[in-house]
S.K.: 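One structure, pasted below without further comment.
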Amino acid sequence: MPDIVTDNKMVIDRLYAGELPGRDELKQLLTCHSEEDAEYLFKLARQVRENAYGKDVYIRGLVEFTNYCRNNCYYCGIRHGNSNACRYRLSDGEIYSCCDEGYSLGFRTFVLQGGEDMYFTKEKLCGIIEHIKKKHPDCAITLSVGERDYKDYLAWYESGADRYLLRHETASAEHYNKLHPAEMSSGHRKECLWQLKDIGYQTGAGFMAGSPFQTPDCLVDDLYFLYELKPHMAGIGPFIPQKDTPFAGRSSGTLEQTLFLLGIIRLLLPDVLLPATTALGTIAPDGRERGLMAGANVVMPNLSPVSVRDKYNLYDNKISTGEESAQCTELLRKRIEQTGYNMVTGRGDFKKYKQKQTGE
Ligand code: 5AD
């Protein structure tokens, strides 16, 4: 046993030194580590995040503007085939009101997230982006609307969108096919991510911890893929079953595993913007604080109208009215301060990113 502990610390040290360990070393670290190893990892992860971003925790206002989706991912509660989902779409005016409210609450990043809803055409989203940018030129807009054409991504970027979140979900093609129907592919999803980066977006990838059929090899693939892509953001949260999906009876990913992955990713990508996700806050009451202590530096409170919050049901028991609600930023501020970090307003761009001209 002591040998294993020493080996793991050496692998962690190598990650800290900027090296990419071998597959077997990473696999051992993931599958066989002690609590002491985890504490050591988190300590170094905090050092690295503090070197990059100090004690700052950035907040993003999440606007879940449509739960219509053309896809049928087996894990997701807003999948097309879920006839129990109560579908909604926010009007342009409702989206703007969310941003205006968010602005007065101190948010300077708005994340427009939705299912793959083709009602929001390239042109329609361009109009929405331009409107928000005109009203709030000091704010960043993040889009998270799935796999679309290159020309859509380009047009939205030219309209003023700054960032794009598209989790790769799993880097293993074989695993991808167990989580998605045949019309979706890991290759296409990765291609979209490379396109987004190429266009100039601050780009976010990511995956679920503990999704059905995930093996240690899948996780090593995920870490290698993140290292290769070098995304500016990485969204990592536990899988949580949703009762109307094919994965209803599966068990959730664990807090422990998610935290450990956050720590590794912080060392692998020192400057990455790494959220302590809503899903992490859903599986444990102090999940997001623990995420911050493991290397995360972003939280994304919900800015959607209260009337639709329980309809954006990606998974069961998703939290939406406590301090993850954007309206409760003071509560959130206090909880973040208890971890020794400070909630800051401001765009919170990727450290080395040259900010786009806003026309201000
Ligand atoms: N559990 C956890 N995360 C989920 N997502 C979708 N369904 C679930 C679930 N059941 C995540 C996916 C998606 C993001 C918006 O939410 O990773 O990319």
Side-chain angles (χ1 to χ4, degrees), residues 60 62-82 84-85 111-117 142-148 163-172 175-176 178-181 184-186 188-190 192-193 196 203-214 218-219 222 225-226 231 233-255 257-258 261-262 265 274-284 287-288 291 298 300 302 304 309-320 324:
R60 321 296 196 195
L62 185 61
V63 182
E64 296 159 335
F65 69 98
T66 172
N67 72 349
Y68 283 85
C69 190
R70 62 177 169 178
N71 292 331
N72 237 337
C73 311
Y74 301 147
Y75 47 83
C76 184
I78 64 166
R79 65 200 302 269
H80 179 74
N82 181 8
N84 287 334
V111 181
L112 305 185
Q113 186 175 89
E116 284 190 20
D117 180 359
T142 305
L143 297 178
S144 179
V145 295
E147 294 175 46
R148 300 283 292 248
R163 310 185 189 132
Y164 203 104
L165 302 177
L166 182 73
R167 290 190 180 176
H168 63 280
E169 309 298 357
T170 171
S172 147
H175 185 216
Y176 194 94
K178 293 182 178 166
L179 302 182
H180 304 92
M184 298 179 72
S185 83
S186 165
H188 187 254
R189 202 151 179 101
K190 288 177 180 169
C192 288
L193 280 162
L196 290 162
T203 304
F207 61 91
M208 294 175 285
S211 60
F213 310 109
Q214 186 176 64
C218 297
L219 290 172
D222 286 320
F225 175 68
L226 289 177
M233 304 170 284
I236 313 295
F239 161 76
I240 303 173
Q242 202 282 345
K243 62 181 172 39
D244 304 310
T245 63
F247 291 160
R250 302 283 180 155
S251 38
S252 296
T254 64
L255 176 70
Q257 187 185 36
T258 310
L261 286 162
L262 287 173
I265 291 166
L274 193 61
T277 56
T278 309
L280 195 55
T282 298
I283 56 163
R288 283 184 308 178
V298 172
M300 300 170 69
N302 197 323
S304 311
R309 282 196 196 163
D310 60 343
K311 301 190 175 80
Y312 203 78
N313 264 336
L314 304 180
Y315 45 82
D316 290 333
N317 306 315
K318 178 165 162 267
I319 50 171
S320 65
E324 67 288 342

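Both counts, for ligands and for their atoms, begin at 1 and track the order of listing. By convention here, the first residue in the shown sequence is residue 1.
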S.K.: Is there a polar contact between ligand 1 and Pro241, counting only N or O atoms under 3.5 Å apart?
M.R.: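 No - when backbone and side-chain N and O of Pro241 are compared with those of ligand 1, no distance drops under 3.5 Å.
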S.K.: Among Asn313, Thr282, Thr170, Leu314, which one puts a heavy atom closest to atom 15 (C) of ligand 1?
M.R.: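 Going through Asn313, Thr282, Thr170, Leu314 one by one, Leu314 has the nearest heavy atom to atom 15 (C) of ligand 1.
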S.K.: Quick one: side chain to side chain contact (heavy atoms under 4.5 Å, CB included) partners of Ala205, sequence neighbours excluded?
M.R.: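 With sequence neighbours excluded, Ala205 shows a side chain to side chain contact (heavy atoms under 4.5 Å, CB included) to His168, Leu193, Leu226, Leu229, Pro231, given in chain and number order.
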S.K.: So if I count the atoms of ligand 1 from 1 in the order they appear, which ones are less than 4.0 Å from some heavy atom of Glu169?
M.R.: 12 (C), 13 (C), 17 (O), 18 (O)
S.K.: How about Asp310: does its CG atom have over 12 heavy atoms from other parts shown lying under 6.0 Å from it?
M.R.: yes
S.K.: For Gln113, what residues pass the side chain to side chain donor-acceptor pair (under 3.5 Å) criterion, not counting sequence neighbours?
M.R.: Ser144, Tyr312
S.K.: Please state which protein non-hydrogen atom is closest to atom 10 (N) of ligand 1 and give its distance, to 0.1 Å?
M.R.: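 Of every protein heavy atom, Ile240 O, 2.7 Å lies nearest to atom 10 (N) of ligand 1.
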S.K.: Just jot down the ligand 1 atoms closer than 4.0 angstrom to any heavy atom of Phe239, in number order.
M.R.: 1 (N), 2 (C), 10 (N)
S.K.: Taking the non-hydrogen atoms of Gln242, is any one of them nearer than 4.0 angstrom to ligand 1?
M.R.: no
S.K.: What part of Pro238, side chain from CB on, backbone N/CA/C/O, both or neither, has a heavy atom under 4.0 Å from ligand 1?
M.R.: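 Backbone only; the side chain of Pro238 stays clear of ligand 1.
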S.K.: Among His168, Arg167, Glu64, which one puts a heavy atom closest to atom 11 (C) of ligand 1?
M.R.: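 Selected option, by shortest heavy-atom distance: Arg167.
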S.K.: For the side chain of Glu64 and the backbone of Lys311, is there at least one donor-acceptor N/O pair under 3.5 Å apart?
M.R.: no
S.K.: Has Arg250 got its NZ or CZ under 6.0 Å from the middle of the six-membered ring of Phe213, at an angle within 45 degrees of the ring axis?
M.R.: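 Pair Arg250/Phe213 counts as cation-pi.
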S.K.: I'd like to know if the side chain of Gln242 pairs up with that of Asn313 as donor and acceptor (distance under 3.5 Å, no hydrogens or angles considered).
M.R.: no
S.K.: Among all the protein's non-hydrogen atoms, which is closest to atom 7 (N) of ligand 1, and how far away is it?
M.R.: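 Result for atom 7 (N) of ligand 1: Tyr75 CD1, 3.3 Å.
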S.K.: Of the listed options (Gln113, Arg79, Arg189, Met208), which comes nearest to atom 5 (N) of ligand 1 when hydrogens are ignored and any heavy atom counts?
M.R.: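 That would be Met208.
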